[in-house]
Amino acid sequence: MSSVQPAATDTPRKYQLFIDGQWVDAESGKTFTTPNPATGQTLAEVAEADRADVEKAVSAARRAFEGKWSRMSARDRGKLIYKLAQLIEQNSKELAQLETADNGKPIRESQYVDLPQVAENFEYFAGYATKIEGETIPVPGQMFNYTLREPLGVCGQIIPWNFPLLMAAWKLAPALAAGNTVVLKPAEQTPVTAMELGRLIQEAGFPDGVVNIVPGYGETAGVALASHPGIDKIAFTGSTEVGKLIAHAAADNLTKVSLELGGKAPNIVFADANLDQAVNGAMMGIFFNQGQVCCAGSRLFLSEEIKDEFLDRFKEKAQKIKVGDPSDASTQMGPQVSEEQLNRIKGYVDIAREEGANVLTGGCPPALEGDFQKGYFFQPTIFSEVKNQMRVAQEEIFGPVTSVITFKDEDDLIKQANETIYGLSAGIWTSDITRAHRFAREIKAGVVWINTFNMFNAASPFGGYKQSGYGREMGKHALELYTQVKSVWVDLSGKPIGWFGK
Ligand code: NAI
Ligand code: MG
């Protein structure tokens, strides 16, 4: 039986803050609403956390860290995280519906991509709780030296709206497995599934205060969390612009930081690629999740030799994408998350035209009927005749909009591909195995996909080079972000240190 209430209700849902195991109003009494981006109708009214609430949440997380949570065995901690994974699976249909209602992503993505990966991340890290170990170091002399790998303490985690529940999972699962406590701030656009996760955390039986969830705005709740001297670590996913603000705020307290930021990934098609695979890969690279993906293949590099044929096929397929009601199982693209994001995308279409690029297809919202006329929809869009220096090739648009750039040979390609402030991901389509691996070495990006795109697994690290951030989430690397090493020296000789005389 599922404990999450299904998405379709006529009256808006209501959520309070989740602090110290209790559901409470904001100290200010303020609330904010979150719309369903497919229709603009209010989905939920949510308590709005600000500094005073963040203060309470950080104190609760500190008490939990120093209390029950640190005394719990690793096995019991792992069991709780695993229980949470099971509860997520049991409630996955309802959670997927809510994710779609709050974010606008097609239900086939929420249900078959987001939710399974959310459960997978908690499962994977549940297993790690009992496998976080120190080392013994072969130091010379009558000495024994070993390390303890300890949790950091209270972690502030600020997440974006593009994969709301999945980003919560990437952050919470390793932090909890390593024995930390957390104050999580979901994005103001998509707080709903994080609040439902709070209910499941309670149901799983986590001690009070181990996870606290404080929905609110970045400029208020986010700033309060990132600059709080009582947190030991801040983890952030979102824009590079805000990532820099977070790093500045954290610097004042020397809070440890990990950042997963924007991208402008090159997705590269050589003339020897399997074109059926590559065309589909280009689609996956930019139209998945309405293009609101940090690792989206938003710079499509085509070899001059196959450019025309490729674009004919790509355009035809892009025009066939089914855009509309995201709760319909056959829909392939839903609305953008917000009016703000929609306007930002429209702005980049104007910029593309001014810069001399060609809008090959799309470039405006689709004609939809009924309630969906008020939704934030945009058509799959291809800019051709783009030069790598143009703004549409350098700035993250974060929509279903790709910029097509051509290249002559491999040297020309590598140079252009690396000419960006970002370095999150890259894709290459070729049948030449040596070229593929050469490229993987030469590209400055944290993830490289060869003849595939957007592949993820809880065991595989993800994170950026350059201004795409630092730190690696998922896999064993994520534990580095949530633990610190203590080196312990023990004398085995029983004799005084002779340095200043015996
Ligand atoms: P954002 O970076 O402002 O928001 C992400 C999170 O940070 C949200 O939880 C927000 O409340 C919080 N936040 C905002 N300002 C903050 C501050 N000063 N201190 C602490 N927390 C703060 O992203 P936004 O405004 O929603 O989107 C703008 C652009 O950012 C997008 O168009 C896209 O290019 C990029 N973006 C990238 C994402 C990624 O996965 N790398 C995710 C979301 C946005
Ligand atoms: Mg912002």
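We count ligands from 1, going down the list as the structure has it; atoms in each ligand are counted the same way.
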**Asked** How about atom 25 (O) of ligand 1: does it have a protein heavy atom within less than 4.0 Å?
**Response** no
**Prompt:** Counting only heavy atoms, which portion of Ile159 has something under 4.0 Å from ligand 1: side chain, backbone, both, or neither?
**Reply:** backbone
**Asked** At under 4.0 Å between heavy atoms, which part of Val293 makes contact with ligand 1: side chain, backbone, both or neither?
**Response** neither
**Request:** Using modelled atom types only, decide if a donor and an acceptor are shared between the side chain of Asn121 and the backbone of Gln117 within a distance under 3.5 Å.
**Result:** yes
**Prompt:** Could an N or O of ligand 1 be found under 3.5 Å from any N or O of Gln341, whether backbone or side chain?
**Reply:** yes
**Request:** Using the six-membered ring wherever Trp is involved, compare the ring planes of Tyr124 and Tyr128 and label them parallel, tilted or perpendicular (cut-offs 30° and 60°).
**Result:** perpendicular
**Message:** I need the contact type for Ala226 against ligand 1. Using non-hydrogen atoms and a strict under-4.0 Å cut-off, is it side chain, backbone, both or neither?
**Reply:** neither
**Asked** Is ligand 1 less than 4.0 angstrom away from at least one heavy atom of Gln189?
**Response** yes
**Message:** Could you check whether Phe65 and Trp69 have their ring centres less than 6.0 Å apart?
**Reply:** no
**Contact list for residues 374-396, test ring pair (Phe, Tyr, Trp, His ring centres under 6.0 Å), sequence neighbours left out** = none
**Message:** With a heavy-atom distance limit of 4.0 Å, tell me whether Arg344 approaches ligand 1 through its side chain, its backbone, both, or neither.
**Reply:** side chain
**Asked** What are the two closest heavy atoms between Asp232 and Thr255, and how far apart are they?
**Response** C-CG2, 3.6 Å
**Asked** Going through the distances and angles, do Tyr465 and Tyr422 end up as a ring pair (Phe, Tyr, Trp, His ring centres under 6.0 Å)?
**Response** CA-CA 7 Å; Tyr465 278 37; Tyr422 296 114; over 10 Å; no
**Message:** Any heavy atom of Trp161 closer to ligand 1 than 4.0 angstrom?
**Reply:** yes
**Asked** If you measure every N/O of Pro160 against every N/O of ligand 1, is any gap under 3.5 Å?
**Response** no
